Amino acid sequence: MTASQIQNTAAIPNGPGAAAILAGGIGCGVMGLMAFSADASAALGKAMNIYNPTGALSGVTTVTIVVWLVVWFFLGRAWANKTVDIGKVNLVSFALLAVGFLLTFPPFMDLLQGK
Amino acid sequence: MEITTRDLITVIHGMGLGALFMLAFSAAIAGIYRISAPGASTSMSAREQTVLQLALAAMVILAWLTVFSGAYIVYPWYRAVPPAGVTDLADYPRRLLLSNNKTSEWHNVGMEWKEHVAWLAPIAITMVAYVISKYGRAITQHPKMRAAVLTFALAAFAATGAAGAFGAFLNKYAPVRGGDTIILMQGEK
């Protein structure tokens with residue numbers, strides 16, 4: 001990277017980075033929600049079985065990846081030249097990241113389902 | 001010295017891709033910290049920044065290859081259903097674990113968490129690689145963005161660590177076996 005390139009990157013607003021961070025948080029949160037929902041609901045678990053050898057995991061991860069990429073695409077476009085409140089973006093993203101870890105953890109899933 | 005194809009592919013999934021991804025973390029975290037530290041006395045050279053971006057790109061590829069090979073190649077072998085009447089469950093790891101209450105939680109907790117939490121790692125590290133590539137040294141002007149990048153990098157490390165550790169334990173109690181036998185080396189006796 002040349003000195004001029006470094007100067008150019010310095011002028012980038014925080015919007016594109018914030019979009020990637022929030023989309024990443026949403027992706028992790030959706031992973032947790034989908035994993036939990038497919039475990040709690042037999043009907044959803046069956047619907048998520050889009051590739052039988054892998055079972056419901058195939059649908060859960062496919063939905064997660066699609067949601068993550070679509071959200072990132074639209075947020076990236078919307079915030080391409082904007083400066084956003086990155087503090088709020090971080091707060092929501094970290095919360096969703098925690099949701100991703102907790103709702104994929106079987107003992108916590110069982111606790112929520114009263115098992 | 002021989003190995004089955006399923007053993008070999010499981011080793012490639014865990015040790016070849018997953019472990020390599022884990023090994024790259026210490027260097028990546030150090031690189032991310034160095035490029036983004038606001039008080040750094042010496043900034044990274046252009047060459048070092050390029051190396052960091054390439055390393056992160058390689059980690060992204062490794063992370064996605066690890067989860068896809070796990071979910072679509074190894075996991076179907078793990079969860080295979082034995083035909084009716086089969087009593088030897090050695091080739092059916094999930095059923096083998098669930099057949100004994102001393103090992104069932106390795107599946108109910110270990111595999112159930114591993115198969116899902118592992119997917120947080122590629123999502124998180126892809127975001128980290130994108131932001132570092134997009135902003136480079138300019139990320140020092142966005143300290144909260146730097147905090148998010150480091151947090152997600154550590155989360156990817158934690159998710160990979162949990163998945164990798166349970167993968168190692170699961171492979172100890174109920175290894176994925178089967179397929180053709182590959183002779184790596186012929187012994188003298």
Side-chain angles (χ1 to χ4, degrees), chain A residues 1-3 5-14 16-28 30-32 34-36 38-39 51-55 57-58 60-61 64-65 68-69 72 76 83 85-90 93-94 97-98 100-101 103-110, chain B residues 43-50 53 64 67-68 70-73 75-77 79-80 105 107-120 122-149 151-152 155 158-159 162:
Chain A
M1 191 180 285
T2 64
Q5 282 176 311
I6 292 170
Q7 281 184 333
N8 286 339
T9 55
I12 299 173
N14 70 10
I21 292 163
L22 185 54
I26 289 171
C28 293
V30 168
M31 182 69 213
M34 291 303 299
F36 174 75
D39 185 62
Y51 177 64
N52 199 46
T54 300
L57 181 64
S58 57
V60 165
T61 54
T64 297
I65 291 170
W68 165 55
L69 291 176
W72 189 359
T83 294
D85 185 344
I86 193 83
K88 285 182 183 171
V89 166
N90 279 5
S93 301
F94 294 165
L97 181 61
F101 273 95
L103 288 186
T104 56
F105 189 53
F108 191 76
M109 282 183 181
D110 292 345
Chain B
S43 61
M44 290 176 101
S45 68
R47 188 172 184 170
E48 286 172 326
Q49 289 189 42
T50 303
Q53 288 170 5
W64 284 109
V67 293
F68 273 106
Y72 289 97
I73 301 175
Y75 187 54
W77 294 332
R79 69 190 295 271
E105 295 312 286
H107 170 79
N108 292 330
V109 176
M111 181 49 111
E112 291 287 342
W113 195 31
K114 166 187 165 60
E115 73 188 46
H116 292 113
V117 78
W119 289 82
L120 304 186
I123 293 173
I125 205 68
T126 302
M127 179 279 278
V128 168
Y130 168 80
V131 173
I132 291 296
S133 174
K134 179 89 177 168
Y135 288 86
R137 183 72 184 141
I139 199 172
T140 53
Q141 297 172 6
H142 305 285
K144 288 180 179 173
M145 191 183 295
R146 171 181 182 261
V149 164
T151 301
F152 272 77

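No experiment lies behind these values; they were computed from the predicted model shown. Quick note on labels: first sequence line is chain A, next is B, and so on, each numbered from 1.
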Under 4.5 Å from any heavy atom of chain B - which part of [X]:
X	result
A:S58	both
A:N52	backbone
A:P16	both
A:I65	side chain
A:N90	side chain

*asked:* Using the ring pair (Phe, Tyr, Trp, His ring centres under 6.0 Å) criterion, which residues pair with B:W77? Sequence neighbours excluded.
replied: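 B:W77 satisfies ring pair (Phe, Tyr, Trp, His ring centres under 6.0 Å) with no residue once adjacent residues are dropped.
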*With A:F108, which residues qualify under ring pair (Phe, Tyr, Trp, His ring centres under 6.0 Å), at least two apart?*
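Expected list: none.
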*For chain B, which of A:D110, A:T61, A:L69 has the most heavy-atom pairs under 4.5 Å?*
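Counting heavy-atom pairs under 4.5 Å, the top option is A:T61.
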Interchain contact, [X] with chain A, by part (heavy-atom threshold 4.5 Å):
X	answer
B:A159	both
B:Y130	side chain
B:V131	side chain

*How far apart are the C-alpha atoms of B:Y75 and B:M111, what are their side-chain angles, what is the distance that settles it, and do they pass the side chain to side chain contact (heavy atoms under 4.5 Å, CB included) test?*
CA-CA 10 Å; B:Y75 187 54; B:M111 181 49 111; 4.1 Å; yes
Backbone of [Y] reached by a side-chain donor or acceptor of [X] within 3.5 Å:
X	Y	value
B:E112	B:V109	no
A:T54	A:Y51	no
B:Y135	A:G17	yes

*Counting heavy-atom pairs under 4.5 Å to chain A, which of B:R79, B:M127, B:K144, B:E115 comes out on top?*
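Looking at each of B:R79, B:M127, B:K144, B:E115 in turn, B:R79 comes out on top.
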_Aromatic centroids of B:W113 and A:F101 separated by under 6.0 Å_ =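 Ring-ring flag for A:F101/B:W113: false, centres at least 6.0 Å apart.
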